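As the structure is a computational prediction, the values presented were derived from the model and not from experiment. Quick note on labels: first sequence line is chain A, next is B, and so on, each numbered from 1.
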4 protein chains.
Amino acid sequence: MSLTAQRQTHHRAVPRAPGRPRDRRIDDAVLEATAELLQEVGYARLSIAAVAARAGTHKPAIYRRWPSKAQLVHEAAFPTEDSTLIPDTGNLRDDVESMVRGAAELFARPVVRAAVPGLIAEFASDPDLHARLLERFSERVWGAMRDRVASSTERGELRPGVDPSVVLDLVGGGALMALLTRGPGDLGEAWVESTVSILMEGIAP
Amino acid sequence: MSLTAQRQTHHRAVPRAPGRPRDRRIDDAVLEATAELLQEVGYARLSIAAVAARAGTHKPAIYRRWPSKAQLVHEAAFPTEDSTLIPDTGNLRDDVESMVRGAAELFARPVVRAAVPGLIAEFASDPDLHARLLERFSERVWGAMRDRVASSTERGELRPGVDPSVVLDLVGGGALMALLTRGPGDLGEAWVESTVSILMEGIAP
Amino acid sequence: MSLTAQRQTHHRAVPRAPGRPRDRRIDDAVLEATAELLQEVGYARLSIAAVAARAGTHKPAIYRRWPSKAQLVHEAAFPTEDSTLIPDTGNLRDDVESMVRGAAELFARPVVRAAVPGLIAEFASDPDLHARLLERFSERVWGAMRDRVASSTERGELRPGVDPSVVLDLVGGGALMALLTRGPGDLGEAWVESTVSILMEGIAP
Amino acid sequence: MSLTAQRQTHHRAVPRAPGRPRDRRIDDAVLEATAELLQEVGYARLSIAAVAARAGTHKPAIYRRWPSKAQLVHEAAFPTEDSTLIPDTGNLRDDVESMVRGAAELFARPVVRAAVPGLIAEFASDPDLHARLLERFSERVWGAMRDRVASSTERGELRPGVDPSVVLDLVGGGALMALLTRGPGDLGEAWVESTVSILMEGIAP
DNA sequence: TGATAAGCGAGACGGTACGTCCGGTCTTGAG
DNA sequence: CTCAAGACCGGACGTACCGTCTCGCTTATCA
């Protein structure tokens with residue numbers, strides 16, 4: 001599908017959908033307006049109507065593109081180019097440090113801070129949504145991270161019996177909990193070092 | 001309500017507030033109805049009117065008692081008698097194990113699972129609410145847990161330089177993240193053991 | 001003691017009710033407050049709570065005395081001493097003129113204008129109330145007027161076949177309709193004369 | 001709604017209001033439900049929510065169409081097609097008889113009996129409403145009746161000096177007062193004849 | 001080149017849920 | 001039994017906003 005889409009700009013005739021094509025500028029304007037409003041009013045008070053107004057368009061144009069507020073916000077808060085969380089240092093300690101620091105930095109972004117709690121709530125009440133958004137983004141990142149940790153076992157950098165998923169729970173959950181209970185201000189370099197040292201002592205052989 | 005309850009525990013005769021006293025049965029019925037509906041429809045779709053109907057009363061009776069849905073849900077999901085999270089074994093490993101297991105068990109309860117993501121979202125957009133609910137419940141529990149970990153330093157059970165707050169972030173955040181990404185089914189005994197072993201290796205001297 | 005009490009009102013022995021007697025000043029203050037508020041906000045927006053506040057007392061003290069807003073307003077708008085509508089000139093033309101002028105003057109009073117439409121509405125939805133208020137006031141006045149008209153037949157001042165009740169309908173209804181459709185300003189001397197002349201031509205032999 | 005209807009009778013093509021058009025069936029269902037409930041519970045106890053429920057819709061759909069209960073009830077009790085009160089016999093006696101009989105018949109309808117007292121009360125406390133409803137309905141009917149009576153003067157059927165407005169006061173007010181004091185049962189043929197004979201004797205030259 | 005089909009602007013619609021007002025009742029303690 | 005004081009229960013209110021729909025127009029591809 002994405003390949004097909006790429007070809008669309010080629011000279012080859014692709015069975016392009018009939019009818020008037022969408023105005024790409026609306027996509028961009030809506031995503032930008034969403035990101036802005038998210039930081040101004042938060043997830044709960046973010047209304048599609050307000051996004052439409054700020055983007056200079058109307059509600060149906062948004063609903064045509066994103067089936068729900070959650071999907072829109074997810075795309076606005078986590079642009080696909082993002083790969084902050086994927087390090088590849090070849091060394092477990094550095095990888096873990098990258099992950100922890102990446103999580104801290106991710107959660108330090110105002111857009112992300114504004115989006116995450118709302119998305120968490122939506123996931124809980126709509127498992128289907130959870131799956132669809134994981135597919136879009138997290139599976140790639142999260143899976144890559146788990147693989148990286150798992151492969152460390154073979155290199156003897158991980159204590160046998162340590163479940164990579166649990167390690168990721170601790171990395172991501174630690175940052176999330178610190179964010180929720182103490183705010184983004186405490187997620188500084190000291191926090192990163194403290195967390196990494198605990199985790200490395202905990203998982204090294 | 002909790003204020004009234006506190007007042008009544010004083011041994012001195014309290015002059016009693018003027019006016020007709022509240023019907024305590026409504027308090028109970030509403031909390032029960034809230035817990036039920038929370039599991040049936042989730043936090044977002046939980047309406048005050050529906051709670052009132054199920055409890056056999058009306059909206060104003062609820063608004064008189066709880067200023068917002070968040071406060072109501074908090075009280076319904078975390079009754080004050082709860083002290084699951086407060087162990088006191090005198091031994092750090094056992095304390096940590098109790099905390100981890102307690103977190104897992106807490107998040108395994110359907111009511112809690114239904115309530116937490118919604119509450120997290122509300123906290124994010126209303127810091128004042130966060131403070132008020134912490135005051136009611138978490139401060140006591142969370143503070144006690146932090147004290148317990150902190151006091152271990154003096155007993156030589158904790159590696160110097162380990163920040164007790166970070167330890168709690170990892171305990172609570174790990175459980176939360178596991179719940180959010182993999183559901184409550186994975187929070188079994190294996191998960192507890194794996195988490196405890198990582199944490200203990202990580203924080204022991 | 002009981003003798004003393006007896007003398008207070010009647011000469012006859014009245015078994016005075018036990019308990020604290022009502023404060024007559026509250027009766028007066030409430031009636032006065034009702035009359036004032038009636039003119040300020042109208043019947044519909046008149047709340048018992050506001051009356052109580054203005055009278056310097058509380059709602060239960062009012063409900064103890066008057067079972068409903070209608071009864072209270074009726075008493076406030078039509079004090080019992082009133083006998084404006086009862087002429088007795090011995091001459092039909094003068095009697096009718098007195099009635100028409102009395103009706104016009106009655107409806108010209110601001111309190112009455114404010115009270116009547118609301119009372120009419122209450123009568124319609126509560127026939128029992130209608131009866132109770134008629135008993136208090138209208139029966140006496142209305143009956144006396146009808147008797148006066150009826151007795152004119154015997155004196156040969158009334159055309160045979162004219163139903164006294166219909167005459168009263170026209171007298172009172174004419175004033176009411178003029179009030180409702182054109183306001184109190186049009187109920188002046190010209191209106192009285194015009195109405196009386198039509199009625200007298202219509203009912204004289 | 002009536003405005004929309006009027007617009008559509010223009011022969012010029014009307015550009016049609018933008019947005020989704022109203023569901024006309026809701027208009028009808030609401031008016032019917034209002035008429036029914038009016039007779040069952042009366043004006044005062046008629047709630048918009050109950051009307052909506054009976055009509056199978058919801059409150060906002062009603063508030064979108066009618067700004068107040070009074071306007072809704074007025075339209076439900078007096079459909080615009082109504083022209084009961086407009087006779088045109090070319091003869092004053094017959095015209096007056098038609099008016100009186102029309103008033104009696106109008107007030108004999110259960111819907112009208114249930115609506116009128118409540119509307120009267122609302123008129124009294126909201127003169128603006130009065131004007132708006134007169135514009136919709138009464139002005140046409142009432143004005144036509146007054147014209148008819150007034151034109152009789154030129155034809156020599158009316159005694160000079162008789163004010164047509166006063167005649168209408170007596171016609172309408174008489175019926176209203178009879179309804180209020182004695183109920184609809186007494187507004188029969190005998191009442192009509194008695195009233196007409198008084199009025200005709202009163203206003204004929 | 002016209003028919004077909006989807007997108008867009010504009011905005012009202014049907015309907016859910018909200019949070020508030022207030023009417024009439026009840027409770028307590030004092031007189 | 002009344003009073004002051006005031007909170008209580010519950011019916012009804014009018015509003016905000018959600019996601020959908022309708023319309024007239026525009027923009028592109030297909031036949």
Side-chain angles (χ1 to χ4, degrees), chain A residues 13-26 45-50 52-53 56-69, chain B residues 4 15-26 44-53 56-65 67-69, chain C residues 16-26 45-53 56-65 67-69, chain D residues 4 15-26 44-52 56-65 67-69:
Chain A
V14 173
R16 185 174 167 160
R20 174 174 174 175
R22 283 188 185 150
D23 186 343
R24 300 264 337 149
R25 290 168 310 181
I26 293 183
R45 276 182 247 288
L46 179 77
S47 80
I48 299 292
T57 182
H58 298 267
K59 287 195 289 175
I62 297 183
Y63 282 110
R64 236 173 263 127
R65 290 164 168 80
W66 296 275
S68 71
K69 182 164 91 168
Chain B
T4 308
R16 248 194 64 91
R20 173 174 172 178
R22 278 188 190 148
D23 186 340
R24 186 59 52 100
R25 290 167 310 182
I26 292 184
R45 276 182 244 289
L46 180 77
S47 81
I48 300 293
V51 171
T57 182
H58 298 265
K59 286 191 292 174
I62 297 183
Y63 282 110
R64 233 172 271 126
R65 290 165 169 81
S68 70
K69 182 163 93 170
Chain C
R16 187 178 163 156
R20 176 173 171 176
R22 282 190 185 152
D23 186 341
R24 298 264 335 150
R25 290 168 309 182
I26 291 183
R45 276 181 246 287
L46 179 77
S47 80
I48 300 292
V51 171
T57 181
H58 298 268
K59 287 195 290 177
I62 297 183
Y63 282 110
R64 235 172 264 128
R65 292 166 167 79
S68 70
K69 181 163 91 170
Chain D
T4 309
R16 247 193 64 92
R20 174 175 173 175
R22 276 184 193 151
D23 186 341
R24 187 58 52 98
R25 290 167 308 182
I26 292 185
R45 275 181 246 287
L46 179 76
S47 80
I48 300 291
V51 171
T57 181
H58 300 267
K59 286 191 291 173
I62 297 184
Y63 282 111
R64 235 173 266 127
R65 290 165 169 78
S68 71
K69 181 164 92 171

D:T57 vs E:dG15: side-chain N/O to OP1/OP2 distance below 4.0 Å: yes
Nearest-nucleotide comparison on DNA chain F, the residue closer to the 5′ end among A:K69 and B:G56: B:G56
Residues that C:R45 engages under side chain to side chain donor-acceptor pair (under 3.5 Å), provided they are two or more places apart: none
Residue B:R65, side-chain atoms from C-beta onward, closest of F:dG14, F:dG19, F:dC9: F:dC9
Any A:H58 side-chain nitrogen or oxygen under 4.0 Å from OP1 or OP2 of E:dA10: yes
Closest-nucleotide 5' rank along DNA chain E - winner of D:P60 and C:L46: D:P60
Which residues share a side chain to side chain donor-acceptor pair (under 3.5 Å) with C:R64, sequence neighbours left out: none
Options E:dC18, E:dC8, E:dA10, nucleotide nearest the side-chain atoms of B:S47: E:dC18
Rounded distance in Å - CZ (A:R20) to C1' (F:dA28): 9 Å
Value in whole Å for how far the C1' atom of F:dT20 lies from CZ of D:R22: 17 Å
Value rounded to 0.5 Å, distance of CD1 in D:I48 from OG in D:S68: 8.0 Å
Presence of B:R64 side-chain N/O under 4.0 Å of E:dG19 phosphate oxygens OP1/OP2: no
Base F:dG14 paired with D:K59 side chain (donor-acceptor, <3.5 Å): yes
For atom CD1 of D:I48 and atom C1' of E:dT16, their distance in whole Å: 18 Å
Interatomic distance where CZ belongs to A:R45 and C1' belongs to F:dC18 [whole Å]: 16 Å
Short side-chain to backbone donor-acceptor contact, D:K69 and D:L46, under 3.5 Å: yes
Separation of atom OH in B:Y63 from atom C1' in F:dC9, rounded to whole Å: 16 Å
Gap between atom OG1 of B:T57 and atom CD1 of B:I26 - 0.5 Å precision: 4.0 Å
Separation of E:dA17 P from B:I62 CD1 (nearest whole Å): 14 Å
Interatomic distance, C:I26 CD1 vs F:dT2 P [rounded to whole Å]: 11 Å
